[in-house]
Amino acid sequence: ARAAERVFGAQVKQTLAEKALAMRHNIGTRLRQGLVDQFAPLKEISEKAYILARMSKGTDGAVEATLLYGKIYLRDGVYDVDIKDGGFAKVLASLKGEHDRFFQWVAAVRGERLKAEGKENLMSSEDISDLKTLNAGRMADGTARMPLYAAALRELNAYNEAALKVAQESGLIDPAALEIMKGQPYVPFYRLMEDGDMKGPRFSAGLTSQEFSKKLKGGTQQLNADLLQNTLLNWSHLYAAAARNRAALETMAAADKMGVAHLAVRADKDGNYLLAGQEKGMIKVMRDGVAEYWTVEDPYLLDAISAMSYTPSGAAKAMAPFKRLLTFGVTVNPTFKIRNLIRDSLSAIAQSDLSYNPLENVAKGWKATAKDSQTYASMLAGGGIIKFGTQENTNQLRGQIERLGGTMLDKQGFDKLKDQMRSLWEVYEEFGDRTENVNRTALYERLRAKGLSHAEASFQARDLMDLDRKSTRLNS
């Protein structure tokens with residue numbers, strides 16, 4: 001008994017009242033985490049970490065902002081964009097319908113470099129030579145391809161460099177790696193597997209373990225033919241991984257100050273670390289391109305920041321199309337959109353710092369959600385805008401390129417009718433998106449005018465009705 005007391009300390013028995021008091025400790029936070037907000041414990045240690053974690057769910061908007069407005073950069077810890085850039089869709093539109101041919105040419109340029117390094121096992125030297133001639137000759141309108149392709153490649157390199165800079169500022173890579181990679185012609189090679197799926201970057205739905213890239217060895221599987229989609233998926237991966245790593249770094253810094261997290265080991269540049277094989281249960285983050293492993297004492301905080309690789313069950317995947325169809329059937333109704341706008345306009349006044357005049361809020365928000373609005377572009381990039389769907393599907397982008405003059409087809413008959421119907425549908429969809437976000441944009445502008453940062457204003461706008469908020473129970 002004396003030995004047990006000396007080793008483990010004196011064991012004090014709690015009364016029922018003391019046990020009840022202990023169970024009530026932070027019960028509100030625990031309930032929020034279990035029922036509605038998996039990141040709730042982060043708010044207890046750092047408001048900034050909590051905001052970054054919540055905003056990391058809105059990185060799809062950064063991909064669309066890249067396409068429509070310009071190069072993404074960091075402001076106040078979240079993404080922003082300058083509409084003066086013009087957007088990557090305009091770069092592709094300048095190719096006059098030859099964007100797929102252009103990407104094949106870029107793939108050959110990259111393949112040549114990889115071949116010299118022994119890292120390209122699919123394309124032969126003859127394949128590369130043939131594909132590199134795709135920039136020769138003239139387009140249908142007589143424009144010389146070579147200078148046009150060269151200009152488009154410079155723009156592609158600039159957009160890739162902007163994405164890499166975000167990755168570097170977020171800790172995924174170091175400045176030296178950025179210097180090596182920037183300026184190199186790059187289009188991602190996603191290999192087609194035997195089952196038809198694509199093999200490319202993977203990352204967790206949680207905050208940590210956001211690695212930028214793995215060692216490239218080269219593959220023999222056929223490339224995914226849609227190289228434009230590959231590029232979008234690559235940017236999407238970078239934006240999402242970088243956002244989650246920023247949130248994880250901020251969380252670890254705050255938890256370290258409070259004494260509830262401790263740095264166990266920091267890997268060297270080659271990825272070696274003292275506790276190799278014992279990292280299970282630790283939190284992994286990237287700092288300046290180097291992995292760090294942390295231990296977290298609080299189990300609820302650990303749940304909030306751990307890499308949660310939630311995979312829906314087979315039954316859930318099978319039901320997903322029916323769920324989307326049901327959602328579409330409900331939200332497509334004009335009556336729903338109008339009622340939703342009225343309800344959101346009234347509830348937003350009660351929830352946030354908006355004017356008590358709902359018509360004034362809607363009028364200001366409607367103006368701010370115009371496609372040429374810097375407010376809309378900044379909120380879309382930063383995650384303050386809620387949209388249904390993602391721009392990773394290139395069908396939407398190809399339509400955008402066509403509207404900007406990217407194709408030279410004289411469509412007639414049924415094809416022309418389909419295009420007209422599609423245009424009408426897109427106008428209706430845009431109306432729905434704007435009614436969903438008018439109060440968000442009105443709130444954003446009001447908060448920015450009061451001096452709040454881009455990150456704070458975007459977060460409060462998103463928080464009016466965050467459709468991506470999940471609970472730990474949902475992911476378990």
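With S347 contributing its side chain and R343 its backbone, the two residues share a donor-acceptor pair below 3.5 Å. For S345 (side chain) and L341 (main-chain N/O), a donor-acceptor pair under 3.5 Å exists by modelled atom type. Side-chain N or O atoms of S170 include none that pairs as donor or acceptor with a backbone N or O of L172 at under 3.5 Å. A donor-acceptor pair under 3.5 Å links the side-chain atoms of D298 to the main chain of L301, judged by distance alone. Between the side chain of T441 and the backbone N or O of V438, at least one donor-acceptor pair lies under 3.5 Å. No side-chain donor-acceptor contact under 3.5 Å links R287 to the backbone of G171. N361 places no side-chain N or O within 3.5 Å of a backbone atom of N439 that could act as its donor or acceptor partner. Here the side chain of D463 pairs no donor or acceptor atom with the backbone of F459 at under 3.5 angstrom. No side-chain donor-acceptor contact under 3.5 Å links R75 to the backbone of D80. In this structure a side-chain-to-backbone donor-acceptor pair under 3.5 Å is missing from S56 to R244.
Annotation: side chain of Y444 is in contact with side chain of H454 (closest heavy-atom distance under 4.5 Å). Between V260 and V296, every side-chain heavy-atom pair lies at or beyond the 4.5 Å cut-off. Annotation: side chain of L452 is in contact with side chain of Q460 (closest heavy-atom distance under 4.5 Å). A heavy-atom distance below 4.5 Å is not found between the side chains of I83 and Y376. Two residues are said to be in side-chain contact when any heavy atoms from C-beta on lie closer than 4.5 Å; E64 and I385 fail this criterion. Taking 4.5 Å as the limit, every side-chain heavy atom of I283 sits out of range of all side-chain heavy atoms of Y293. Within the 4.5 Å cutoff, no side-chain heavy atoms of D174 are placed close to those of V290. Counting heavy atoms from C-beta on, the side chains of S458 and M55 come closer than 4.5 Å.
One finds the NZ atom of K284 at 14.5 Å from the CE atom of M252 (value rounded to the nearest 0.5 Å). Summarising the geometry, atom CG belonging to L68 is positioned 12.0 Å from atom CG belonging to D372; distances are rounded to the nearest 0.5 Å. Between atom CG of residue L178 and atom CG of residue L164 there is a gap of 6.0 Å, rounded to the nearest 0.5 Å. Put simply, CZ on F88 and CD on E155 are 8.5 Å apart, with the number rounded to the nearest 0.5 Å. Once rounded to the nearest 0.5 Å, the distance linking CG of D433 with CG of L380 reads 10.0 Å. Rounding to the nearest 0.5 Å gives a distance of 7.0 Å between CG of N160 and OG1 of T231.
Within the structure, the side-chain hydrogen bond (donor to acceptor under 3.5 Å, both in side chains) test picks out the following pairs touching residues 254-263 (sequence neighbours left out): H262-E297.
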Checking side-chain contact (heavy atoms from CB on, under 4.5 Å) for the pair L464/S352: CA distance, chi angles, key distance, verdict? CA-CA 8 Å; L464 279 179; S352 60; 3.7 Å; yes
Is there a side-chain contact (heavy atoms from CB on, under 4.5 Å) between W235 and V166 once you walk through the steps? CA-CA 10 Å; W235 287 341; V166 163; over 6 Å; no
Take K367 and S373 through the side-chain contact (heavy atoms from CB on, under 4.5 Å) test and state the conclusion after the steps. CA-CA 8 Å; K367 182 179 179 180; S373 164; over 6 Å; no
I'd like to know whether L228 forms a side-chain contact (heavy atoms from CB on, under 4.5 Å) with L92, so could you lay out the CA-CA distance, the side-chain angles of the two residues, the decisive distance to 0.1 Å, and finally the verdict. CA-CA 10 Å; L228 173 56; L92 298 178; 3.6 Å; yes
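Partners of T59 under the side-chain hydrogen bond (donor to acceptor under 3.5 Å, both in side chains) rule, at least two apart in sequence or in another chain, do not exist in this structure.
Taking every heavy atom of both residues into account, I386 and E436 meet most closely at O-CG, 4.1 Å. Residues L227 and A107 come closest through the heavy atom pair CD1-CB, 3.8 Å. Nearest heavy-atom pair, G77 versus L52, reported as atom, atom and distance to 0.1 Å: O-CD2, 3.4 Å. Shown here for A461 and M379, the closest heavy-atom pair between the two residues is CB-CE, 3.6 Å. Of all heavy-atom pairs spanning A65 and A377, the tightest one is CB-O, 4.4 Å. The shortest heavy-atom contact between G70 and D85 is CA-CB, 3.4 Å.
Considering K48, E47, R54 as possible partners of Y50, the one that fulfils the side chain to side chain donor-acceptor pair (under 3.5 Å) test is R54.
Side-chain atoms of N437 and R440 form a donor-acceptor pair, as typed in the model, at a separation below 3.5 Å.
A salt bridge is defined here as a Lys NZ or Arg NE, NH1 or NH2 lying under 4.0 Å from an Asp or Glu carboxylate O, and D353 with K450 meets this definition. Between K364 and E360, at least one side-chain nitrogen of the basic residue sits less than 4.0 Å from a carboxylate oxygen of the acidic one, meeting the salt-bridge criterion.
Atom NZ of K71 sits in a crowded spot, with more than 12 heavy atoms from other residues, nucleotides or ligands closer than 6.0 Å. By the neighbour-count criterion of 12 heavy atoms within 6.0 Å, atom CZ of R339 is sparsely surrounded, having that number or fewer from other residues, nucleotides or ligands.
In this structure, Y239 has its ring center under 6.0 Å from that of Y79.
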